[in-house]
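Okay, handing you the structure first.
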Amino acid sequence: HGLALDSRESRSAAALVALAPTFGAWDAKAAALAAATQRSYPDTGPLAFQRVQFLVATGQTRAALAEVTRVARTSPLVPWIRVTQIDLLAAAGRLEEADAAAAEAGTIWPRDRLTWFTRFDLAAFNGQTERALAMAADRAGWPKQTTAAEIALVAATARAVATGDPAAVDAVLAQLQAAAQRDHAAAERAIRAAAALHRPDVALAVAGSLYRGRVAAAPRATMLPLIGLPADTEPPTAALFLPPATALWADPALAPLLGTAGLADYWRRTGAPNICRTAAARPTCRAMQLGG
C-alpha cells in the first residue's frame, strides 16, 4: 500500500526486500536489493540496514563498513548502526576505533542487549578480560532480557579464552554445544567462542549443523548484532567474516560448509570475499576455487 501511494518510498521497499529469502538465494537477494535501492529515495534507515545485512552475510566487509559509516553520520543514535560499525571496525583490524565506538555506545545504551553483548565480546575476544568480567560482575548493569545463567556462561567463556585452561575450555564448550542445538543465535555464539578457544573442530561441527538445517529456528533474542540475519528462520553467516570466527578460514574444512550455504558458487560468479585477501584464508579460498 505504501508503494502504491509513493513508488519510491524506501521503507516499504525495505520491508519487501526483508521478506525475500537470503540463505542459498544470494543472487536473487542481491538483485532485489539493487532494484529497491535504484527505485527508492536515498535512504539511511531500513533499506540501508538491508544492504549492510547482505554485505556482511556475503563477506563484503569493506563495503559494509563504508556503508554503515555513511549511515552513522546521519543516524548516530540507532543501536544497530553503532554496534555493526564496532564489529566491522574490529574485522578491519581497527581495534582502537572499535574500542572508542564501544565505549561511546555504552554510555548511550548501557543496558541495551545488542550493545552490551557487542561490548562484552569485543573485550573478551581481544585480550581485555578484566573489562569483560567487570561488566559481567555488575549485576545492576546487565542488559535487559537476559538471565544470570547467560551472564555466567559468557563470563566463563571470557575466563577460558584468557587462561586456556583445558578443563575450563572443555566445560564451556560442552555448555555451548548443548545450547547450540536449541536455536540459531546460540549456535552462532558457540561458533565464535569455539574459534576464540582455538577449537575449530567444535566450531565447524556446530556450523555444519547450522548450515545443513539441523538447528531449529527459534525466536531470536538480540545477542549479537543483527547483521547478515535477514530472518529468524535463516541460518546466519555474518559471524564467519567477523573476529574471532575469521580464524576458521585457516582450516580448509570450512570450504564445504560454505559450499552447502551456496556462498562458494555465489562468489565464483561475483568475486571473492574480502577475507580471501589474507594469507591465512588462502587454503580455504583455493579449495573453493576462488584464488587468493
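Atom set for the values below is all heavy atoms of this structure, side chains included, hydrogens, waters and symmetry mates excluded.
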Check your understanding: Is there a side-chain contact between Arg189 and Val154, using heavy atoms and a 4.5 Å cut-off?
Key -> yes
Check your understanding: Just wondering, do Ile151 and Pro143 contact through their side chains at under 4.5 Å, heavy atoms?
Key -> yes
Revision key, fill the gap. Distance col, row Asp6:CG vs Arg11:CZ, nearest 0.5 angstrom, shows 13.0 Å
Revision key, fill the gap. In Leu89, Thr84, Val83, Ile86, the residue satisfying side chain to side chain contact (heavy atoms under 4.5 Å, CB included) with Val68 is Thr84
Review point. So Phe241 and Leu88, side chain to side chain contact (heavy atoms under 4.5 Å, CB included) or not? Walk me through it.
Key: CA-CA 9 Å; Phe241 310 104; Leu88 289 169; over 6 Å; no
Practice item. Would you please test Thr237 and Trp26 for side chain to side chain contact (heavy atoms under 4.5 Å, CB included) and show each step? Key: CA-CA 12 Å; Thr237 57; Trp26 310 104; 3.8 Å; yes
Revision key, fill the gap. Residues Thr118 and Leu114: closest non-hydrogen pair is OG1-O, 2.8 Å
Check your understanding: Distance from Leu248 atom CG to Ile275 atom CD1, nearest 0.5 Å?
Key -> 9.0 Å
**Study point:** Cluster check Trp109, Phe117: I/L/V/M/F/W/Y, side chain < 4.5 angstrom
**Key:** no
Practice item. Would you please test Phe49 and Val71 for side chain to side chain contact (heavy atoms under 4.5 Å, CB included) and show each step? Key: CA-CA 9 Å; Phe49 178 38; Val71 177; over 6 Å; no
Point to revise | Within 6.0 Å of CZ in Arg139, more than 12 heavy atoms from elsewhere | key: no
Exercise for review: Please round to the nearest 0.5 Å and tell me the distance separating atom CH2 of Trp249 and atom SG of Cys285.
Suggested key: 5.0 Å
Review point. For the residue pair Ala203 and Ala195, what are the closest heavy atoms and their distance?
Key: CB-N, 4.1 Å
Review point. Roughly how far, to the nearest 0.5 Å, is CD1 of Ile81 from CZ of Arg73?
Key: 12.5 Å
Check your understanding: According to the side-chain hydrogen bond (donor to acceptor under 3.5 Å, both in side chains) rule, which pairs have a member within residues 95-106, sequence neighbours left out?
Key -> Arg82-Glu104, Arg94-Glu97, Asp99-Gln128
Review point. Would you say Val78 and Val52 are hydrophobically clustered, going by side-chain heavy atoms of ILVMFWY under 4.5 Å?
Key: yes
Review point. Roughly how far, to the nearest 0.5 Å, is CG of Leu55 from CZ of Arg62?
Key: 13.5 Å
Check your understanding: Which pair of heavy atoms, one from Val169 and one from Arg199, lies closest together, and at what distance?
Key -> CG1-CG, 4.4 Å
Review point. Is the shortest heavy-atom distance from the side chain of Arg282 to the side chain of Cys276 under 4.5 Å?
Key: no
**Study point:** Ala63 backbone acceptor or donor facing Gln60 side chain under 3.5 Å
**Key:** no
Review point. Taking Lys29 for the side chain and Val17 for the main chain, is one N or O donor matched with an acceptor at less than 3.5 Å?
Key: yes
Exercise answer: donor-acceptor pairs, residues 252-267 side-chain atoms, under 3.5 Å, sequence neighbours excluded:
unit_1 : atom_1 : unit_2 : atom_2 : d
Thr260 : OG1    : Pro256 : O      : 3.1
Asp265 : OD1    : Arg268 : NH2    : 2.4
Trp267 : NE1    : Thr58  : O      : 2.9

Review point. Has the side chain of Thr69 got a donor or acceptor atom that lies under 3.5 Å from a matching backbone atom of Ala66?
Key: no
Exercise for review: Decide if atom CZ of Arg111 counts as having more than 12 heavy atoms of other residues, nucleotides or ligands within a radius under 6.0 Å.
Suggested key: yes
Review point. When clusters are formed by joining ILVMFWY residues with side-chain heavy atoms under 4.5 Å apart, either directly or through shared neighbours, do Leu153 and Phe125 land in the same one?
Key: yes
Check your understanding: Under 3.5 Å, is there a donor-acceptor pair between the side chain of Asn126 and the main chain of Leu122?
Key -> yes
Check your understanding: Is the side chain of Arg51 donor-acceptor paired with the backbone N or O of Glu67 at a distance under 3.5 Å, no angle test?
Key -> no
Exercise for review: Test Asp201 against Asp251 for side chain to side chain contact (heavy atoms under 4.5 Å, CB included), laying out the working first.
Suggested key: CA-CA 9 Å; Asp201 57 323; Asp251 192 331; over 6 Å; no
Point to revise | Closest contact, heavy atoms only, Ala158 versus Phe120 | key: CB-CZ, 4.0 Å
Check your understanding: So which heavy atom on Arg192 is nearest to which on Pro243, and how close?
Key -> NH2-O, 3.1 Å
**Study point:** Donor-acceptor under 3.5 Å (Glu234 side chain, Thr22 main chain)
**Key:** yes
Exercise for review: Report yes or no: does Lys144 contribute a side-chain atom to a donor-acceptor pair with the main-chain N or O of Arg113 at less than 3.5 Å?
Suggested key: no
**Study point:** N-O pairing of Asp112 and Arg119 below 4.0 Å
**Key:** no
Practice item. Taking all non-hydrogen atoms of both residues into account, name the closest pair between Leu3 and Ala13 and its distance. Key: CD2-N, 4.2 Å
**Study point:** Test side-chain contact (heavy atoms from CB on, under 4.5 Å) applied to Asp165 - qualifying residues, sequence neighbours left out
**Key:** Thr163, Ala167, Ala168
Exercise for review: Determine whether Val202 and Val161 fall in the same hydrophobic cluster, where Ile, Leu, Val, Met, Phe, Trp and Tyr are linked whenever their side-chain heavy atoms lie under 4.5 Å apart.
Suggested key: yes
**Study point:** Between OG1 on residue Thr157 and CG on residue Leu176, distance to nearest 0.5 Å
**Key:** 4.5 Å
